[in-house]
There are 2 protein chains.
Amino acid sequence: MPFDLLLNNVSKYIHLTEAEKEVFFSFLQQKSIKRKAFLLDEGEICRYSAFVTSGCLRGYTVDKNGIKHVLSFAPPGWWIADMYSLISQKPGILNIEALEDTDIILLSKVNQEKLYNEVPKFERFFRILIENSLVANQQRIVDNMSLTAEERYSIFCKRYPTLIDHLPQKQIASYIGVTPEFFSRMRTGLLRKS
Amino acid sequence: MPFDLLLNNVSKYIHLTEAEKEVFFSFLQQKSIKRKAFLLDEGEICRYSAFVTSGCLRGYTVDKNGIKHVLSFAPPGWWIADMYSLISQKPGILNIEALEDTDIILLSKVNQEKLYNEVPKFERFFRILIENSLVANQQRIVDNMSLTAEERYSIFCKRYPTLIDHLPQKQIASYIGVTPEFFSRMRTGLLRKS
DNA sequence: GTAAAAAGATGATGTAGGTTAAGAAAATTG
DNA sequence: CAATTTTCTTAACCTACATCATCTTTTTAC
């Protein structure tokens with residue numbers, strides 16, 4: 001069943017009847033994205049939330065010097081979207097790109113609204129999802145303000161163990177907020193210590 | 001009416017009947033906090049969301065060197081809580097302190113859950129509130145990664161004009177993530193330019 | 001209204017992490 | 001599997017911002 005992983009995810013927070021599951025499924029669509037292809041480009045209006053079932057996406061912004069900053073990774077079991085654009089339906093700043101061939105399930109903004117009306121439980125589900133995301137983001141702000149790059153890396157390793165041996169170093173460097181060069185130096189420093 | 005400002009805030013996103021308003025009000029309590037007093041100390045479990053009606057609160061964490069980092073300000077019309085602790089009901093890391101004598105309206109976690117059940121519309125209200133908060137936090141992460149302190153200050157001035165002439169400089173410095181000394185120098189630099 | 005405390009300014013010096021550049025290793029592509 | 005592209009490493013030098021210390025100004029509390 002292609003929606004299994006997603007259904008698991010949803011069932012952690014709300015209980016659905018068979019009928020409600022059917023409604024939910026009818027609002028979803030599947031899609032595959034090739035490595036290096038984009039689900040969303042900055043400047044576009046984000047019309048979908050995406051749930052990754054295999055592969056990995058990353059969301060990043062480009063600053064005025066052309067440097068990319070990774071805001072989030074989406075490995076299997078994670079949602080990704082440009083929340084600002086999705087909510088406001090204005091052009092966003094996020095690029096969402098496949099780091100490898102990736103399968104996703106899409107829920108359009110329009111269908112999400114319908115879902116809220118037809119199965120109000122989903123208000124709760126997405127509220128909880130966003131609450132968790134907010135907590136993670138607040139923690140990241142605190143970490144960026146109060147920890148060294150080395151400490152942030154160590155936290156990243158603990159928090160996303162599956163991503164570590166999966167991602168190129170420069171992606172992780174970008175996520176924790178340092179240059180690839182510094183990240184490399186930092187890592188050889190860490191190895192020397194242990 | 002002491003709940004006017006809050007009702008305005010709620011009415012932006014959902015429409016309430018008189019009966020629903022009554023239910024809502026019955027779940028709320030008012031409180032005053034003296035300048036320098038704490039609504040929440042780190043290590044405590046956060047049992048309330050607070051809505052500020054007058055005065056100003058700040059939420060901050062303390063790092064291992066004893067340095068305080070301001071995560072958020074809550075002027076009138078804003079909500080504040082330790083979201084991590086509120087959700088998980090585990091000890092949190094946030095200190096919430098009154099920067100001046102402040103009046104707030106409290107909604108307890110318990111009453112919030114009751115409210116969701118008795119007036120499900122509030123699921124939507126808080127979902128939207130948290131969505132907006134998430135977007136602001138994501139933007140802050142991006143800003144911290146890609147902008148200089150000066151640029152972040154300039155954005156802060158535009159985004160929170162009422163706070164600027166209201167707050168001690170060191171609070172703003174802490175929010176944008178620099179030392180008070182550097183902030184002071186930066187500001188005299190900016191004045192010289194204009 | 002005055003003593004004490006907090007906030008702000010400024011100078012000298014220190015450092016985490018950035019920049020530039022260039023070569024080596026690894027991964028992709030056809 | 002060879003050519004190309006991407007990633008990683010290392011080194012020299014640079015800069016935004018931190019730290020420490022001292023002084024002035026403003027705010028707070030009694």
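Values in this document were obtained by computation on a predicted structure and should not be read as measured data.
Taking the nucleotide of DNA chain C with the nearest heavy atom to each of Pro180(B) and Lys36(B), the more 5' of the two is matched to Lys36(B).
Contact check, Arg35(A) against dT6(D): no side-chain N or O comes under 4.0 Å of OP1 or OP2. Considering only side-chain N and O atoms, Gln169(B) lies nowhere under 4.0 angstrom from the phosphate OP1 or OP2 of dA6(C). Listed pair Thr179(A) / dG18(C) meets the phosphate criterion, a side-chain N or O lying under 4.0 Å from OP1 or OP2. Between Ser184(A) and dC8(D) there is no side-chain polar atom (N or O) within less than 4.0 angstrom of OP1 or OP2. Within the 4.0 Å cut-off from OP1 or OP2 of dG17(C), at least one side-chain nitrogen or oxygen of Arg152(A) is found.
Atom pair Glu151(A):CD and dA16(C):P shows a separation of 12 Å (rounding to whole Å applied). As a whole-Å value, the separation of Asn144(A) CG from dA16(C) C1' is 14 Å. Between the NZ atom of Lys170(A) and the C1' atom of dC8(D) there is a distance of 10 Å, rounded to whole Å. Atom pair Phe182(B):CZ and dT15(C):P shows a separation of 18 Å (rounding to whole Å applied). Distance Phe183(A) CZ to dA16(C) C1': 16 Å, rounded to the nearest Å. Separating the OH atom of Tyr153(B) from the P atom of dA16(D) is a distance of 19 Å, rounded to the nearest angstrom. Rounded to an integer number of Å, the gap from CD of Gln171(A) to P of dT6(D) is 13 Å. Straight-line distance from the CG atom of Asn65(A) to the C1' atom of dG18(C): 12 Å, rounded to whole Å.
Less than 6.0 angstrom separates the ring centroid of Tyr153(A) from the ring centroid of Phe183(A). Between Tyr160(A) and Phe73(A), the ring centre distance reaches or exceeds 6.0 Å.
The base of dG18(C) is paired with the side chain of Arg185(A) by a donor and an acceptor separated by under 3.5 Å.
Each of dT10(D), dT19(D), dA18(D) was ranked by its minimum atom distance to the side chain of Glu181(B); first place goes to dT19(D). For Val178(A), counting side-chain heavy atoms from C-beta on, the closest listed nucleotide (dT9(D), dT7(D), dG17(C)) is dG17(C).
Screening Ile87(A), Ile130(A), Asp82(A) for a side-chain contact (heavy atoms from CB on, under 4.5 Å) involving Val135(B) leaves a single residue, Ile87(A).
Between Phe38(A) and Tyr60(A), the ring planes are perpendicular. Angles over 60° get that label, and only those under 30° would be called parallel.
Contact detail for Val70(B) and Met145(A): the closest heavy-atom pair is O-CE, 3.7 Å.
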